[in-house]
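Remarks on the structure that follows.
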Amino acid sequence: MTSYEELFENNKKWIQKKTGTDADFFKELAGNQNPDYLYIGCSDSRVTAEEMMGLGPGEAFVHRNIANLVNNVDLNVMSVINYAIKNLGVKHIIVCGHYNCGGVKAALQPKDMGILNPWLRGIRDVYRLHQAELNAITDEHKRYDRLVELNVYEQCVNVIKTAVLQLAYMRSGYPIVHGWVFDIRSGRIVDLNIDFENILKNIKDIYNLTGEQ
Ligand code: CO
């Protein structure tokens with residue numbers, strides 16, 4: 001384990017490393033941010049955002065919460081999505097879940113989780129939407145993995161339901177929404193290849209917020 005004091009030592013070493021290869025690194029970093037990616041992932045300490053994608057400072061705008069949920073009355077995630085699209089002009093929005101997600105597992109327990117109840121409800125709702133498919137999976141671990149994937153899918157749909165995404169995409173063809181699962185057992189990123197265009201088209205009867213028919 002890394003001790004608290006070591007964090008500052010590590011920070012010094014990191015500064016030396018960065019300025020060693022590029023003397024102006026922090027000067028440039030202080031200038032502005034212009035990331036192409038918005039990453040929405042789980043708070044789980046084992047699932048790093050930038051590190052697993054090989055991205056450095058300035059390359060990804062990041063939001064993390066328990067079980068990577070995009071709840072439409074969560075001012076936090078909604079502000080992040082709005083800012084990333086309107087002000088930063090990100091080209092890609094990645095919703096990334098992960099197998100062995102404690103949040104998803106907790107949602108499957110028939111227990112009172114206190115303040116987590118309303119939060120985990122988002123996952124129970126995903127289960128209800130896909131109940132037939134999930135209940136048909138007899139292997140408990142496979143069912144849990146599938147719920148992780150379906151949760152990512154539904155959170156992508158939640159991003160696509162927002163006016164800010166729909167309007168930006170209509171005007172510029174960006175951003176594009178992607179659903180990923182980080183396979184914590186191998187380190188591999190699995191692209192669920194969600195059909196972004198089709199989801200956008202199919203939800204328009206109900207969720208169109210662009211003012212266009
Ligand atoms: Co998690």
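Just so you know, ligand 1 is whichever comes first in the structure, and atom 1 is the first atom listed for that ligand. Just so it is clear, the structure is predicted and the values come from calculations on it, not from any experiment.
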Partner of Ile81 under side-chain contact (heavy atoms from CB on, under 4.5 Å), chosen from Ile40, Asn76, Leu165
Ile40

Tyr99: which of Arg185, His141, Glu149 passes side chain to side chain donor-acceptor pair (under 3.5 Å):
Glu149

Pairs meeting criterion ring pair (Phe, Tyr, Trp, His ring centres under 6.0 Å) with involvement of residues 180-213, two or more places apart:
Tyr169-Phe196

If you draw a sphere of radius 2.8 Å around the Co ion (ligand 1), how many protein N/O/S atoms end up strictly inside it?
3

Does some side-chain heavy atom of Leu69 sit less than 4.5 Å from a side-chain heavy atom of Val77?
no

Testing the basics here: between Ala107 and Leu120, what is the closest heavy-atom pair and its distance to 0.1 Å?
CB-O, 4.0 Å

Evaluate the side-chain hydrogen bond (donor to acceptor under 3.5 Å, both in side chains) criterion for residues Asp112 and Asn117: first the C-alpha distance (whole Å), next the side-chain angles of each, then the deciding distance (0.1 Å), finally the verdict.
CA-CA 7 Å; Asp112 181 358; Asn117 288 339; 2.7 Å; yes

